[in-house]
Number of protein chains: 2
Amino acid sequence: MREFLKTKGFKMTPQRELIFRSFFELTDHVSVDELYIKVRKKDSSIGYSTVWRNLKLICKVGLAEEVNVGDGITRYDHITKVPHGHLFCINCKKLIEFNVEQIIAILAQTASDKNFAPESFKIEIQGYCEECSKDNKSDSNGFSQKQQKLN
Amino acid sequence: MREFLKTKGFKMTPQRELIFRSFFELTDHVSVDELYIKVRKKDSSIGYSTVWRNLKLICKVGLAEEVNVGDGITRYDHITKVPHGHLFCINCKKLIEFNVEQIIAILAQTASDKNFAPESFKIEIQGYCEECSKDNKSDSNGFSQKQQKLN
DNA sequence: AGTCTAAATGAAAACGACTTTCATTTTCAA
DNA sequence: TTGAAAATGAAAGTCGTTTTCATTTAGACT
Ligand SMILES: [Mn+2]
Ligand SMILES: [Mn+2]
Ligand SMILES: [Zn+2]
Ligand SMILES: [Zn+2]
């Protein structure tokens, strides 16, 4: 990692080492706050902005990507060999990944048809995950209190 | 419109009338600010929050939907009979729509496979539109100054 | 090992789109 | 006409993100 960053003109520091390690040992889609909290447990002197800057850096060097599902919180997603889409649970905020190779093929054709030069694709399904659907079977309307915040 | 809103328990006002009219005579994806500016030209006393609240209302009664492409600005999209996806130009911020019926079918199957109860689908391609690709052919790196804000 | 410069850090402040509050006005059913 | 509920506009508040700035540190080069 140190070498990889060096080739891109960046330096290694203890804070950066810890932030990178912490990010890469997770598999899920983490927000700045979540990673900040995790990192603080190992070194409580690390600043929020350092975590933020390093997540940006991880993206800049091509090892992650920002994901925005419209809830106002930016999450950081590991790049996968095969492109994937997201199932986002509106209730528990869980993000589940799924393969989108077939869909990307269709989208690439669509873009081409419209002389649009694609840089990235976003495929997302919002709804309720298996557990959240189950948990609320008993409810009158099928959903929990938490989900009732509808207006 | 007045009648439609009345059945949903909302009142009509001159401001609301103007905001609704202004929104529906546009076909594109407008932000609060954009509609606010447009509406102000007809009635400069209308407040920003009134425009905001009425865009929310239009969504609530099912005539529009919020669209978030990750640039931090919420846009308001007219509901179409057939579901559509978006081509978002990173350069000029234009949103172009395209049919996604075939893709939705695939996604519905995917959700079903994972016991996920879908509420909505988001299909988006980010890249450069025809004009923005053309405009920069001559540039050394293929893109304009504006697009160079890369770090 | 010592020096130097660019990069990195942490705390705090700034930013900016969105949302809420509150006093006042307006709609519309009775 | 009247009164309750809804709507409005200005201002303030919220909150995640981003920048600023003084200080420290990494690492290249003597
Ligand atoms: Mn992902
Ligand atoms: Mn649209
Ligand atoms: Zn869930
Ligand atoms: Zn464009």
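Numbered from 1 within each chain, the chains take letters A, B, ... in sequence-line order.
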Could you run down the sub-3.5 Å N/O contacts of the protein with nucleotides 25-28 of chain C?
residue, atom, partner, partner atom, Å
dT27(C), O3', M12(B), O, 3.3
dT27(C), O2, K11(B), NZ, 2.8
dC28(C), OP1, M12(B), N, 2.9
dC28(C), OP2, R2(B), NH2, 2.9

hydrophobic_cluster_shared for F88(B) and Y128(B), side chain cutoff 4.5 Å: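 Not linked; separate clusters.
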
Sugar-phosphate only, base, or nothing, as touched by S45(A) at under 4.0 Å among non-hydrogen atoms: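 Here S45(A) touches the backbone only, sparing every base.
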
Pull out every protein N or O sitting under 3.5 Å from an N or O of nucleotides 15-17 of chain C, one pair per line with the distance.
residue, atom, partner, partner atom, Å
dA17(C), O3', G72(B), O, 3.3

Angle by which the axis turns from one end of the helix from dA1(C)-dT30(D) to dA30(C)-dT1(D) to the other, five pairs per end, to 10 degrees: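 Comparing the axis at each end, I get an angle of 30°.
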
Donor-acceptor contact present, side-chain [X] to main-chain [Y], <3.5 Å:
X: S112(A); Y: A108(A); result: no
X: Q15(B); Y: G47(B); result: no
X: S133(B); Y: C129(B); result: yes

Cationic N near anionic O, under 4.0 Å, E17(B) to R21(B):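 A salt bridge links E17(B) with R21(B).
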
K6(A) and E3(A) ion-paired at < 4.0 Å: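 Looking at E3(A) together with K6(A), the answer is yes, because their closest N to O distance falls below 4.0 Å.
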
Point-to-point distance, once rounded to the nearest 0.5 Å, from SG of C59(B) to CD1 of I79(B):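 So the gap between those two atoms works out to 7.5 Å.
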
From CZ (R16(A)) to CZ (F10(A)), nearest 0.5 Å: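 R16(A) atom CZ to F10(A) atom CZ measures 7.5 Å (nearest 0.5 Å).
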
Round to the nearest Å and state the distance from [X] atom [atom1] to [N] atom [atom2].
X: L5(B); N: dA7(D); atom1: CG; atom2: C1'; answer: 12 Å
X: L18(B); N: dT8(D); atom1: CG; atom2: P; answer: 11 Å
X: K56(B); N: dT20(C); atom1: NZ; atom2: C1'; answer: 12 Å
X: D43(A); N: dT9(C); atom1: CG; atom2: C1'; answer: 11 Å
X: Y76(A); N: dG16(D); atom1: OH; atom2: P; answer: 13 Å
X: D71(B); N: dG16(D); atom1: CG; atom2: P; answer: 19 Å
X: E17(A); N: dT9(C); atom1: CD; atom2: C1'; answer: 16 Å
X: I46(A); N: dA11(C); atom1: CD1; atom2: C1'; answer: 15 Å

Nearest-nucleotide pick for R53(A), side chain only, options being dT21(C), dT17(D), dA11(C):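 So the side chain of R53(A) is nearest to dA11(C).
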
Whichever of G9(A) and E66(B) has its nearest DNA chain C nucleotide further upstream toward 5':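 Checking each residue's closest nucleotide, the 5'-ward one belongs to G9(A).
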
Plane angle bin for H78(B) and F23(B) - parallel if under 30°, tilted between 30 and 60°, otherwise perpendicular: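 Answer is parallel, since the angle falls under 30°.
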
OP1 or OP2 of dT9(C) under 4.0 Å from side-chain N/O of N54(A):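 Affirmative; the distance criterion is met.
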
Distance below 4.0 Å between S49(A) side-chain N/O and dG10(C) OP1 or OP2: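 False: S49(A) side-chain N/O out of range (4.0 Å or more) of dG10(C) OP1/OP2.
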
Qualifying residue for salt bridge (charged side-chain N to carboxylate O under 4.0 Å, His left out) with E66(A), from K60(A), R75(A), K56(A):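 Option passing the salt bridge (charged side-chain N to carboxylate O under 4.0 Å, His left out) with E66(A): K56(A).
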
Test log, rule salt bridge (Lys or Arg N to Asp or Glu O under 4.0 Å), inputs K38(A) and E34(A): CA-CA 6 Å; K38(A) 172 163 189 195; E34(A) 286 166 350; over 6 Å; no

E97(A) CD: over 12 foreign heavy atoms closer than 6.0 Å: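 Buried by this count: over 12 neighbours within 6.0 Å.
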
